[in-house]
K.L.:
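One structure, pasted below without further comment.
Proteins come first, then strands; the chains are lettered A, B, ... in the order of their sequence lines, and each starts at number 1. Keep in mind the model is a prediction, meaning the values are calculated, not measured. Any value given below was found using the heavy atoms of this structure, including those in side chains, with hydrogens, waters and symmetry copies removed.
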Number of protein chains: 2
Amino acid sequence: MGRRSDHTREELRELILEEGHRQLSEVGFARFSAREVAKGIGYSIGTIYNVFGSYSALMLALNGRTLDIWLAFLEERLAGREKDRLDAAIEAYFDFALGHRHAWTALYDFRLPAGELPSESYREKVEAITGVIVREIAAVLPADARQHALPLARSLLASVHGHCFFAINGTFAMLGEQDPVGAAKARVAEALARYG
Amino acid sequence: MGRRSDHTREELRELILEEGHRQLSEVGFARFSAREVAKGIGYSIGTIYNVFGSYSALMLALNGRTLDIWLAFLEERLAGREKDRLDAAIEAYFDFALGHRHAWTALYDFRLPAGELPSESYREKVEAITGVIVREIAAVLPADARQHALPLARSLLASVHGHCFFAINGTFAMLGEQDPVGAAKARVAEALARYG
DNA sequence: CAAATTAATTGAACGCCGTCCAATTTTTTA
DNA sequence: TAAAAAATTGGACGGCGTTCAATTAATTTG
């Protein structure tokens with residue numbers, strides 16, 4: 001088969017990302033393959049390479065999509081919430097990771113080959129999620145401590161991430177921890193307590 | 001070539017682990033291959049399978065070796081230290097991860113296929129490292145708060161892990177965090193302050 | 001000591017993978 | 001309508017984990 005006009009380049013890109021994310025969510029990073037995505041949309045492997053150029057570019061785009069979904073999920077959980085917004089954000093972190101286990105895990109399992117850098121748009125997505133946490137932390141800090149919101153947000157994100165990661169990869173189960181979410185909330189509360 | 005007697009089964013196991021860990025540390029998990037290890041020790045791929053049975057069993061043994069080295073590293077850093085032992089442990093966490101980047105990363109990049117469980121000996125190694133932290137936390141807690149040492153240790157390990165992970169995978173760099181170790185120490189100190 | 005048995009080792013074969021690219025076909029341009 | 005450009009294919013390549021029949025050496029048995 002030669003040139004087709006079933007889809008524009010943009011449609012094709014969207015088709016691949018849609019099917020790719022579906023498959024990634026289903027089989028997980030270790031079993032994910034670009035060839036299988038091509039099969040799934042009825043195109044050949046070569047077409048994936050036409051559109052994305054490489055496996056890492058595809059993975060980065062898929063992880064970008066996960067970040068998009070994650071951000072939307074987080075904002076939705078916070079929307080309209082009056083009290084305990086940070087706790088809600090922590091719960092959302094865990095719920096998203098547990099509910100999209102494979103996609104979430106792929107965010108960290110996939111590493112760019114040495115020398116390659118994440119695109120600007122990928123960085124923006126990561127920063128957008130961080131931005132939500134910065135905003136929520138700033139909101140609970142006393143006015144004279146607001147300048148600590150960004151460093152605190154980065155650090156508390158790391159703490160929550162560690163708890164979530166151990167919950168998902170089995171480390172906590174191995175060590176007998178039964179309430180990872182509660183532990184994460186406690187650590188965040190202690191950090192904030194310092195600023196009165 | 002048929003049966004040889006160059007090495008006993010135990011020697012062969014050790015040979016494979018030695019070379020495997022060397023290669024894993026050099027090329028990282030994504031590029032690591034059992035075939036290449038076989039080449040490295042002058043045996044065929046079949047022999048690796050005779051000794052370990054599968055790729056996951058080999059990886060688990062290699063990660064077990066990393067945990068052994070990590071535990072020894074941690075204990076050595078703490079040996080003879082009088083003050084700020086927990087801070088020293090946190091520094092050791094980061095220093096080990098940074099100094100053995102590929103091996104440390106492989107501990108988390110490699111996931112057992114669904115259904116397989118880590119061996120008892122692997123669990124013991126993880127618990128041994130946790131045990132060090134439990135001990136150090138218990139030592140700084142007031143006597144009437146000692147029962148919190150284990151849950152606190154699990155949780156603070158997760159926090160420190162999150163910081164270390166973000167330091168190594170580039171998330172912190174992306175977000176402008178310049179002092180991951182300092183942030184981790186601050187979070188741990190705040191958690192302990194509560195029992196102060 | 002010789003013959004039979006057991007154990008270890010090999011490497012080709014299989015079906016995957018990411019990657020590349022010459023050939024083909026359609027669309028667009030001239 | 002002819003020429004140029006763009007898109008799509010799928011075979012080829014070298015790699016991977018895994019399996020296993022064949023081979024060879026060590027060990028046991030008679």
K.L.:
Any chance the rings of F166(A) and H161(B) have centres within less than 6.0 Å?
P.N.:
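Yes - the distance between ring centres of F166(A) and H161(B) falls below the 6.0 Å cut-off.
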K.L.:
Select base, sugar-phosphate, or nothing to describe what L58(A) touches, counting heavy atoms under 4.0 Å on all strands.
P.N.:
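Nothing, no nucleic acid heavy atom in range.
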K.L.:
Under 4.0 Å, counting only non-hydrogen atoms across every strand here, what does I48(A) touch: a base, just sugar-phosphate, or nothing?
P.N.:
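No contact.
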K.L.:
Could you tell me the separation between the CG atom of L15(A) and the P atom of dT8(D), rounded to a whole number of Å?
P.N.:
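The distance from CG of L15(A) to P of dT8(D) comes to 11 Å, rounded to the nearest Å.
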K.L.:
May I ask you to list the residues of residues 110-118 of chain B, by number, that have any heavy atom positioned under 4.0 Å from an atom of DNA chain C?
P.N.:
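Nucleic-acid contacts, sorted: none.
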K.L.:
Can you sort out the partners of N50(A) under side-chain contact (heavy atoms from CB on, under 4.5 Å), two or more places apart, ordered by chain and number?
P.N.:
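R9(A).
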K.L.:
To the nearest Å, how far apart are Y43(B) OH and dT24(D) C1'?
P.N.:
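The distance from OH of Y43(B) to C1' of dT24(D) comes to 14 Å, rounded to the nearest Å.
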K.L.:
Quick test of your reading of the model: are E91(A) and K185(A) salt-bridged, counting only N-O distances below 4.0 Å?
P.N.:
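A salt bridge is present here (some side-chain N lies under 4.0 Å from a carboxylate O).
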K.L.:
For R4(B), check salt bridge (Lys or Arg N to Asp or Glu O under 4.0 Å) against everything at least two apart and list the hits.
P.N.:
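Here the qualifying residues are D6(B).
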K.L.:
Under 4.5 Å side-chain heavy-atom separation, chaining through any Ile, Leu, Val, Met, Phe, Trp or Tyr, what else clusters with L117(A)? Say none if it is isolated.
P.N.:
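Under the 4.5 Å side-chain rule, L117(A) groups with nothing.
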K.L.:
Between dT9(D) atom P and I41(A) atom CD1, what is the distance in whole Å?
P.N.:
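I41(A) atom CD1 is separated from dT9(D) atom P by 9 Å.
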K.L.:
Salt bridge or not for E26(A) and R22(A), using N-O below 4.0 Å?
P.N.:
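Salt bridge between E26(A) and R22(A), a charged N being under 4.0 Å from a carboxylate O: yes.
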K.L.:
Is the shortest side-chain N/O distance from T47(A) to OP1 or OP2 of dA7(D) below 4.0 Å?
P.N.:
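Indeed not, no polar side-chain atom of T47(A) lies that close.
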K.L.:
Just to verify, what does R81(A) make a side-chain contact (heavy atoms from CB on, under 4.5 Å) with, not counting sequence neighbours?
P.N.:
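In terms of side-chain contact (heavy atoms from CB on, under 4.5 Å), with neighbours along the sequence ignored, R81(A) is linked to R85(A), A88(A).
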K.L.:
What's the separation between atom OG in S25(B) and atom CZ in R65(B), rounded to the nearest 0.5 Å?
P.N.:
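Reported to 0.5 Å precision, the distance equals 10.5 Å.
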K.L.:
For nucleotides 16-26 of chain C, give me one character per nucleotide, 5' to 3': B if any protein heavy atom sits under 4.0 Å from the base, S if the only such contacts are to the sugar-phosphate, - if neither.
P.N.:
-BBB----BBB
K.L.:
Expressed in angstrom and rounded to an integer, what is the separation of H7(B) atom NE2 from dT9(C) atom C1'?
P.N.:
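In whole Å, dT9(C) C1' lies 14 Å from H7(B) NE2.
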